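First up is the structure itself, then whatever we jot down about it.
A quick note: this is a predicted structure, and the numbers were derived from the prediction, not measured. The chains referred to below are lettered A, B, ... by the order of the sequence lines, with proteins before strands, and numbering in each begins at 1.
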There are 2 protein chains.
Amino acid sequence: MAEDTPQLGTRERILRTASLLMQRQGYEGTGIKQVSQEAGATLGSVYHFFPGGKQALAVAAVQHADQEFADMLSASLSGEADPAKAVAACARALAGHLRDSGWVDGCPISATALETVGRAPEIEQAVAQAFQHWRDLVADTLREAGFPEDDARDLAITIINTLEGAELTAQVFKSETPLLVAGEHLARLIGSYRG
Amino acid sequence: MAEDTPQLGTRERILRTASLLMQRQGYEGTGIKQVSQEAGATLGSVYHFFPGGKQALAVAAVQHADQEFADMLSASLSGEADPAKAVAACARALAGHLRDSGWVDGCPISATALETVGRAPEIEQAVAQAFQHWRDLVADTLREAGFPEDDARDLAITIINTLEGAELTAQVFKSETPLLVAGEHLARLIGSYRG
DNA sequence: GTCTATACCCCGATAGAC
DNA sequence: GTCTATCGGGGTATAGAC
């Protein structure tokens, strides 16, 4: 675990560590003791900042990951004028990042999502908000490029879904191919609405 | 938990129960004691049939889910002559099944996959084999419909990925929409290769 | 093959001194 | 805000009678 810059506040360090560990190990696989140790904090501090316990920590970690991923998404999407090219570039960026991490840093919240769906409503809601947030960023990009409202909304749904699935598959196969192919297919799909 | 038909062998009961629980709760969230209880077996029986412990049980459960899902996929794909329509029908079938389960029975192995990727090689390999198996079924369907080898292979990758991501998203939003939209977009993508 | 008992460990959570 | 000690429970896994 990378030591975070020491001038970071304790709460922030706990949050980042929890978010990273839950990305890699999921909700059930991540212990509060492990979070406190790798964050360089004590167990008491964790419960001081997150009195709601593990669930509250997970909600905050998901929200933190939401913002981080949204920032990366925005940067990727604004790099190209053509949204089809922008989405393909985004897929390539995700593939590179995944490979650089040794195939462990995929979607920051999908493991937690799958473990808690239908079983921990507060976490589930935070996950839904994140997905909706990312969708909206994509839909906005499409709308600004001139796509009609309905097409933009539907395309945004599929774009996020497909990247999600491709990232999972890329992790399992330890290969960039699923993400790269997904990027090209999504560009093709977007292009098919242009004609 | 539905009581399985009692004439089923103990090993088979354990396997089905483990597969179902890991589908809903993931690998880390599913305990061997819970599996044994809900399967109507004793803890000793579980270790009798799966001396490798929890990891070996998970590998067998993933392989079991692989076969079950492959059967459902084959049935869906062979229901329509046009592969574009067949994939859309498959998405609708998944959506209906997911809804009927109260949004808990999504992809049977993705939770386990995300929790164990890079951390439990044997389970990871079983997951990769399942994904490859499903891909091959789709690729075969496309090839039989006259698609060139390369296109069939790439399309199969994206089709499985997209269904995977759409199922996750449908669970989180408790809505059939992501799967239905994915089905239509995949049909459109397949159609775009028809010239 | 089935069952019970148990060893050993780590989990989430709390209490209370500082 | 930080830290230590600890509680109660559940986790995986094993031993050995039947």
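- When the P atom of dG9(D) is taken as reference, atom CD of Q34(B) falls 19 Å away, rounded to whole Å.
- Within the structure, a side-chain polar atom (N or O) of S45(B) is placed less than 4.0 Å from OP1 or OP2 of dT2(C).
- T10(B) has a side-chain polar atom (N or O) that falls below the 4.0 Å cut-off from OP1 or OP2 of dT2(C).
- Within the cation-pi definition used here (under 6.0 Å to the ring centroid, within 45° of the axis), R188(A) qualifies as a partner of Y193(B).
- Computed from coordinates, the Y27(B) OH to dT12(D) P distance equals 8 Å when rounded to whole Å.
- Minimum interatomic distance between L8(B) and R13(B) (heavy atoms only, all atoms of both residues): O-NH1, 3.3 Å.
- Following rounding to the nearest Å, Q37(A) (CD) and dC11(C) (P) show an atom-to-atom distance of 8 Å.
- Nucleotides of DNA chain D nearest to K33(A) and K33(B) differ in position, and the one nearer the 5' end is that of K33(A).
- Residue contacts shown for S36(A) are absent, as no nucleic acid heavy atom lies under 4.0 Å away.
- Taking the side chain of H48(A) as heavy atoms from C-beta on, and the options dG1(D), dA13(C), dT14(D), the nearest nucleotide is dG1(D).
- Between L43(A) atom CG and dG1(D) atom P there is a gap of 18 Å when expressed in whole angstrom units.
- Mapped onto DNA chain D by nearest heavy atom, I32(B) and F49(A) fall at different nucleotides, with F49(A) at the one closer to the 5' end.
- Of the candidates D136(B), V87(B), L155(B), L77(B), T141(B) forms a side-chain contact (heavy atoms from CB on, under 4.5 Å) with just one, namely L77(B).
- With DNA chain C read from its 5' end, the first of the two nearest nucleotides for E28(A) and G44(A) is the one closest to E28(A).
- Of the candidate nucleotides dT2(C), dT2(D), dT14(C), dT2(C) has the atom lying nearest to any side-chain atom of T42(B).
- Listed by chain and number, the residues in a side-chain hydrogen bond (donor to acceptor under 3.5 Å, both in side chains) with Q23(B) amount to none (sequence neighbours excluded).
- Separating the CD1 atom of I14(B) from the C1' atom of dT12(D) is a distance of 15 Å, rounded to the nearest angstrom.
- Seen from the ring of Y47(B), K54(B) does not count as a face-on cation partner, given the 6.0 Å and 45° thresholds.
- Closest to the side chain of K54(B), out of dA13(C), dG1(C), dT12(D), is dT12(D).
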